Amino acid sequence: MDEPFGRYLNVVDVEATCWEHKAPGQVHEIIEIGLCVVDLAARRRVAKHRVLVRPERSRVSGFCTELTGLTQDEVDGGLSFAEACALLEREHRSHNRAWASWGDYDRKQFERQCAGGVRYPFGRRHTNAKAAYSAAHALPRRLGMAGALRHAGLPLEGRHHSGADDAWNIGALVLDVAGRGAWPGGTGAAGGGGGASGG
């Protein structure tokens with residue numbers, strides 16, 4: 001079924017394998033893809049998804065589990081990275097919809113992993129939501145997601161460093177920016193509520 005062009009935005013947040021100290025022979029790999037679908041016309045978050053991804057060249061450290069809540073056993077039951085990318089395209093229209101992330105880390109991590117021969121699941125319309133929020137509020141420096149939520153007077157819902165929860169929270173910040181008519185390529189400032197103003 002067709003959808004209005006530009007109405008829906010995929011907000012993506014990934015969690016990756018990480019270590020408290022450098023781990024020789026291991027590389028950062030995506031282990032969770034969080035996705036929040038934002039309806040820019042209706043000004044609301046309409047869906048929240050979580051995709052677990054099985055790492056192939058690294059292990060989930062105790063430090064990573066403490067940070068993200070994810071364990072090796074959990075991600076062992078996830079999809080391969082290639083399967084996860086295909087799922088984003090098939091079920092979430094990732095190649096056709098504009099998408100956003102808090103900063104550029106998520107985009108660059110997908111690019112790095114796709115360089116190994118996996119089809120990149122997104123189109124070219126990516127927005128750095130951290131930069132967009134800072135510009136909309138004329139901030140002298142860019143805030144982390146939790147700091148931006150405090151600045152906007154919005155609650156941090158769920159667990160920080162859960163990909164799905166972080167994507168959901170970033171979706172709220174996108175709506176804040178859209179409510180100010182400042183979201184790049186947005187559907188304009190008219191419409192219903194959903195984003196709280198702040199600052």
Side-chain angles (χ1 to χ4, degrees), residues 3-4 6-16 18 30-52 64-70 88 91-94 97-110 122-123 125-199:
E3 62 182 43
R7 175 169 182 171
Y8 296 102
L9 175 78
N10 282 341
V11 177
V12 174
D13 185 84
V14 304
E15 302 302 325
C18 56
I30 293 170
I31 52 176
E32 181 190 2
I33 303 166
L35 188 148
C36 170
V37 181
V38 174
D39 183 335
L40 289 168
R43 293 293 160 75
R44 61 192 184 99
R45 296 170 290 180
V46 295
K48 178 181 180 181
H49 303 282
R50 181 189 198 215
V51 181
L52 293 183
C64 187
T65 296
E66 191 175 322
L67 185 69
T68 67
L70 294 167
L88 288 176
E91 296 188 14
H92 305 297
R93 302 174 182 244
S94 62
R97 285 179 182 164
W99 69 294
S101 59
W102 197 259
D104 283 325
Y105 170 82
D106 307 79
R107 177 180 60 79
K108 290 177 179 177
Q109 185 63 34
F110 268 104
F122 301 106
R125 294 181 297 146
H126 173 264
T127 297
N128 179 333
K130 180 191 282 192
Y133 184 88
S134 298
H137 288 271
L139 298 178
R141 64 183 182 88
R142 294 179 182 179
L143 300 173
M145 185 202 76
L149 288 168
R150 286 192 296 272
H151 178 267
L154 294 168
L156 195 160
E157 300 178 60
R159 178 191 176 117
H160 196 8
H161 299 300
S162 154
D165 289 343
D166 281 357
W168 185 254
N169 285 307
I170 295 164
L173 292 166
V174 167
L175 289 171
D176 173 279
V177 176
R180 296 167 179 273
W183 185 254
T187 56
S197 61

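We're numbering straight along the sequence, starting at 1. Here the structure is a predicted model, which is why all the values come from computation and not from measurement. Excluded from the calculations below are hydrogen atoms, water molecules and symmetry mates; all remaining heavy atoms, backbone and side chain alike, are included.
The two atoms that bring Ala178 and Trp183 nearest to each other are CA-CB, 3.9 Å, heavy atoms only. Across all their heavy atoms, Ala167 and Cys36 have their closest contact at O-CB, 3.4 Å. The shortest heavy-atom contact between Ala47 and Trp168 is O-CZ3, 3.8 Å. Across every non-hydrogen atom of Ala136 and Ala182, the tightest pair is CB-CB, 3.8 Å. Scanning both residues, His126 and Asn128, for their nearest heavy atoms gives CE1-N, 3.8 Å. Summarising the geometry of Ala132 relative to Pro184, their closest heavy-atom pair is CB-CD, 4.2 Å, with the distance given to 0.1 Å.
Contact check on Glu157 versus Arg45 returns a salt bridge, with a Lys/Arg side-chain nitrogen under 4.0 Å from an Asp/Glu carboxylate oxygen. The residues Asp165 and Lys48 are annotated as salt-bridged, a charged nitrogen and a carboxylate oxygen being separated by less than 4.0 angstrom.
To the nearest 0.5 angstrom, Trp102 atom CH2 is 10.5 Å from Asn169 atom CG. Going from atom CD of Glu91 over to atom NE2 of His49 covers 8.5 Å, rounded to the nearest 0.5 Å. Between the CG atom of Leu173 and the NE2 atom of His137 there is a distance of 8.0 Å, given to the nearest 0.5 Å. Atoms CD1 and OG1, from Ile31 and Thr65 in turn, are 7.5 Å apart once rounded to the nearest 0.5 Å. Distance check, rounded to the nearest 0.5 Å: CD1 of Ile170 to CG of Asp106 gives 7.0 Å. To the nearest 0.5 angstrom, Ser101 atom OG is 12.0 Å from Gln109 atom CD.
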Fill in: Verdict with reasoning, Leu88 to Phe122, per side-chain contact (heavy atoms from CB on, under 4.5 Å)
CA-CA 8 Å; Leu88 288 176; Phe122 301 106; 3.9 Å; yes
Fill in: Working for side-chain contact (heavy atoms from CB on, under 4.5 Å), residues Tyr8 and Arg93
CA-CA 10 Å; Tyr8 296 102; Arg93 302 174 182 244; over 6 Å; no
Discussion item. For Val37 and Asp39: C-alpha separation, side-chain torsions, deciding distance, then whether side-chain contact (heavy atoms from CB on, under 4.5 Å) applies.
Written reply: CA-CA 7 Å; Val37 181; Asp39 183 335; over 6 Å; no
Worksheet item: After noting the C-alpha distance and the side-chain angles of Met145 and Asp13, does the key distance pass the side-chain contact (heavy atoms from CB on, under 4.5 Å) rule?
Response: CA-CA 11 Å; Met145 185 202 76; Asp13 185 84; 5.9 Å; no
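Between Thr127 and Val174 there is no side-chain heavy-atom pair separated by less than 4.5 Å. The shortest distance between side-chain heavy atoms of Leu175 and Val38 falls below 4.5 Å. Between Leu52 and Leu70, some side-chain heavy-atom pair lies under the 4.5 Å cut-off.
With hydrogens and angles ignored, the 3.5 Å screen pairs a side-chain donor or acceptor of Glu32 with a backbone N or O of Gly163. In terms of modelled atom types and a separation under 3.5 Å, the side chain of Asn10 and the main chain of His92 share a donor-acceptor contact. Arg43 contributes a side-chain N or O that, together with a main-chain N or O of Leu40, makes up a donor-acceptor pair within less than 3.5 Å.
Within a 6.0 Å radius of CZ in Arg159, more than 12 heavy atoms belonging to other residues, nucleotides or ligands are found.
Phe110 and Trp99 have perpendicular rings, their planes meeting at more than 60° on a 0 to 90° scale where under 30° would count as parallel.
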